[in-house]
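As the structure is a computational prediction, the values presented were derived from the model and not from experiment.
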Amino acid sequence: MNFIKASIQRYQLGSLLLLVLLLAVVLPLSLDIFRLNLVGKYLTYAFVAVGLVMVWGYGGVLSLGQGVFFGIGGYAMAMFLKLEASDPITTKIQSTPGIPDFMDWNQITELPTLWLPFKSLPLSLALVVLAPMALAWLVSFAMFKRRVGGVYFAIITQAVALICTVLIIGQQGYTGGVNGMTDLKTMLGWDTRTDSAKYVLYYVCVGLLVASILLCRWVQTSKLGTLLLAMRDKEDRVRFSGYDVSNFKVFIFCLAAGLSGIGGAMFALQVGFMSPSFVGIVPSIEMVIFCAVGGRMSLVGAVYGALLVNAGKTLFSESFPDLWLFLMAGLFIGVTMAFPMGLAGVWEEKIRPWWKSRRQALRDAAVKPPASAVAPAPVAPVAAQPEPTLPEGVGSQRA
């Protein structure tokens with residue numbers, strides 16, 4: 001019991017336990033399956049936000065192209081699901097049965113070599129993580145080894161997002177083009193569209209998200225986390241101490257890319273499609289906003305930021321279809337101006353100190369005895385006054 005309590009205090013898992021209670025108990029019991037599936041979709045973006053906490057909050061590297069890694073993971077899973085949905089029996093009306101429909105529309109007569117690894121589910125799951133990390137390593141190694149950082153690195157990641165979007169749309173015969181990959185129904189014969197499947201996928205998403213937060217929290221509490229903070233604040237001093245700063249940046253950037261790939265794969269499973277609209281510059285900037293609203297130094301806060309922003313987007317678009325973009329802009333600007341450190345900053349700087357002072361006041365009041373129980377102070381005895389002495393002869397005269 002003491003070990004569990006010490007672990008919770010060391011890794012600051014109290015807020016994570018509250019998040020698990022909300023996601024695993026409160027929301028499934030209070031929402032219907034349609035709304036719960038929406039929450040599951042929002043949680044897929046939380047993987048990207050958690051990765052941004054590591055690479056931006058702790059590493060000091062702002063990336064505006066995380067949608068690329070989200071999209072690569074999503075496409076890796078969608079390619080497996082699309083191949084399963086394109087069996088020869090289902091596609092017998094095509095001129096070339098056994099290949100995806102968009103390939104048949106583009107006069108491709110056999111499955112491309114690029115698609116062959118995605119016939120295997122284990123290999124597809126491995127590529128969900130490894131493919132985004134490989135691209136992240138290529139970009140970050142080339143940039144950080146040359147000490148490219150700051151605004152220049154952010155612009156380069158935007159350029160990578162734009163290039164990937166154009167590439168996916170241009171290679172329509174291999175990627176589905178602007179329409180993406182649709183009609184993703186089953187995984188190993190399991191229908192992912194049923195209500196029971198949606199519940200299972202939701203809990204799988206929650207479990208993977210919690211595991212990702214624990215992994216990142218372990219990194220933060222290790223020596224590597226200390227070096228990341230030192231590198232963010234005084235990079236030259238860390239370099240002069242004998243550490244290769246570029247290797248730390250490459251590692252943390254690849255870690256964030258791998259987490260984003262997992263989120264993209266869960267998105268493809270829960271939503272049932274994948275398109276280049278999740279790869280470009282705009283979705284990448286939105287993912288940075290999720291992290292900024294929740295707090296770029298808080299892993300749990302990033303999850304709340306993703307939930308809040310996407311829930312607001314859904315609510316505003318349903319209630320105010322003509323004004324929801326302006327309302328979202330007002331939400332972003334208001335939160336970032338009023339709370340520079342996000343929602344987590346409000347908790348750490350305002351609510352938590354108030355709560356601690358309140359608890360301390362209650363303890364002091366409980367320890368202090370009530371006024372009625374205090375014994376009255378003893379009264380000092382009054383010294384006896386000496387009797388006045390009469391002048392000599394007075395008494396005799398009276399007598």
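Considering every non-hydrogen atom in both L269 and L201, the closest pair reads O-CD1, 3.7 Å. Contact between S124 and F80 at its shortest, heavy atoms only, is OG-CB, 3.5 Å. Between S86 and P100, the shortest heavy-atom contact is OG-CA, 3.4 Å. In this structure, P132 and L127 approach most closely via the heavy-atom pair CD-O, 3.5 Å. Minimum interatomic distance between L259 and S212 (heavy atoms only, all atoms of both residues): CD2-OG, 3.6 Å. Nearest heavy-atom pair across M231 and G59 is CE-O, 3.7 Å.
By the 4.5 Å heavy-atom criterion applied to side chains, M181 and Y75 are counted as neighbours. Looking at heavy atoms from C-beta onward, I213 lies in side-chain contact with L19 at the 4.5 angstrom threshold. You'll find the side chain of V20 stays beyond 4.5 Å of the side chain of L17, heavy atoms only. Side-chain contact between L16 and L214: present, with at least one pair of heavy atoms (C-beta onward) separated by less than 4.5 Å. N247 places a side-chain heavy atom less than 4.5 Å from the side chain of K145. A heavy-atom distance below 4.5 Å is found between the side chains of V250 and W137. Looking at L23 and L307, their side chains come closer than 4.5 Å, going by heavy atoms from C-beta outward. The shortest distance between side-chain heavy atoms of F34 and K198 does not fall below 4.5 Å.
Remark: L123 CG to L130 CG distance equals 9.0 Å, nearest 0.5 Å. Remark: K92 NZ to D87 CG distance equals 10.5 Å, nearest 0.5 Å. To the nearest 0.5 Å, the span separating CG on L81 from NZ on K185 amounts to 12.5 Å. Atom CE of M297 sits about 7.0 Å away from atom CD of Q220, to the nearest 0.5 Å. Distance check, rounded to the nearest 0.5 Å: CG of L228 to OG of S222 gives 8.0 Å. The line from CD1 of I281 to CG of L64 is 9.0 Å long, rounded to the nearest 0.5 Å.
Ion pairing of D236 with R239 is present here, as a side-chain N (NZ or NE/NH1/NH2) and a carboxylate O approach within less than 4.0 Å.
With a 6.0 Å radius and a threshold of 12 heavy atoms from other residues, nucleotides or ligands, F273 has its CZ atom above the threshold. Counting non-hydrogen atoms of neighbouring residues, nucleotides and ligands closer than 6.0 angstrom, the CZ atom of R147 reaches no more than 12 such neighbours. More than 12 heavy-atom neighbours from other residues, nucleotides or ligands sit within 6.0 angstrom of CG on L29. A 6.0 Å sphere centred on CD of E110 holds no more than 12 heavy atoms belonging to other residues, nucleotides or ligands. Remark: L188 CG is packed, more than 12 non-hydrogen atoms of other residues, nucleotides or ligands lying under 6.0 Å away. Surrounding OH of Y174 are at most 12 heavy atoms belonging to other residues, nucleotides or ligands under 6.0 Å away.
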Discussion item. Run I252 and Y58 through side-chain contact (heavy atoms from CB on, under 4.5 Å) and show every step you take.
Written reply: CA-CA 9 Å; I252 205 66; Y58 269 70; 5.9 Å; no
Item to complete: Take M103 and W115, measure what side-chain contact (heavy atoms from CB on, under 4.5 Å) needs, and give me the verdict at the end.
Response: CA-CA 12 Å; M103 292 184 184; W115 280 69; 3.3 Å; yes
Item to complete: Could you go through the side-chain contact (heavy atoms from CB on, under 4.5 Å) check for L111 and K119 one step at a time?
Response: CA-CA 11 Å; L111 192 67; K119 288 185 175 182; 3.5 Å; yes
Fill in: Full working for side-chain contact (heavy atoms from CB on, under 4.5 Å) between V288 and Q66
CA-CA 8 Å; V288 174; Q66 293 301 105; 5.8 Å; no
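Looking only at distances, a side-chain donor or acceptor of Q107 sits under 3.5 Å from a matching main-chain atom of W105. The closest donor-acceptor contact from the side chain of K82 to the backbone of T182 lies under 3.5 Å. Between the side chain of Y199 and the backbone N or O of I33 there is no donor-acceptor pair closer than 3.5 Å. A donor-acceptor pair under 3.5 Å is formed between the side chain of S284 and the backbone N or O of G67. Although no hydrogens or angles enter the test, the distance criterion places no donor-acceptor pair under 3.5 Å between the side chain of S120 and the main chain of P117. Side chain of T186 to backbone of D191: no donor-acceptor contact under 3.5 angstrom is found. For T91 (side chain) and G98 (main-chain N/O), a donor-acceptor pair under 3.5 Å exists by modelled atom type. In this structure a side-chain-to-backbone donor-acceptor pair under 3.5 Å is missing from N106 to I108. When atom types are taken as modelled, the side chain of E84 and the backbone of G189 share a donor-acceptor pair closer than 3.5 angstrom. For the pair Q94 (side chain) and I99 (backbone), a donor-acceptor distance under 3.5 Å is present.
The hydrophobic clustering, which links ILVMFWY residues whose side-chain heavy atoms are closer than 4.5 Å, places I163 and I169 apart. When the side chains of ILVMFWY residues are joined at heavy-atom separations under 4.5 Å, either directly or via intervening members, V282 and V178 end up in two distinct hydrophobic clusters. Following chains of ILVMFWY side-chain contacts shorter than 4.5 Å, one cannot reach L21 starting from L209, and the two form parts of different hydrophobic clusters. Taking hydrophobic clusters as Ile, Leu, Val, Met, Phe, Trp and Tyr residues chained together by side-chain heavy-atom distances below 4.5 Å, L22 shares a cluster with L31. Taking hydrophobic clusters as Ile, Leu, Val, Met, Phe, Trp and Tyr residues chained together by side-chain heavy-atom distances below 4.5 Å, V279 shares a cluster with V139.
Annotation: F144 is not in aromatic contact with F251 [ring centroid separation under 6.0 Å not met].
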N/O donor to acceptor pairs below 3.5 angstrom from side-chain atoms of residues 38-54, sequence neighbours left out:
| unit_1 | atom_1 | unit_2 | atom_2 | d |
| --- | --- | --- | --- | --- |
| Y42 | OH | T314 | OG1 | 2.3 |
| T44 | OG1 | K41 | O | 2.4 |

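Checking M143, Q158, K249 one by one against F153, the side-chain contact (heavy atoms from CB on, under 4.5 Å) holds for a single residue, M143.
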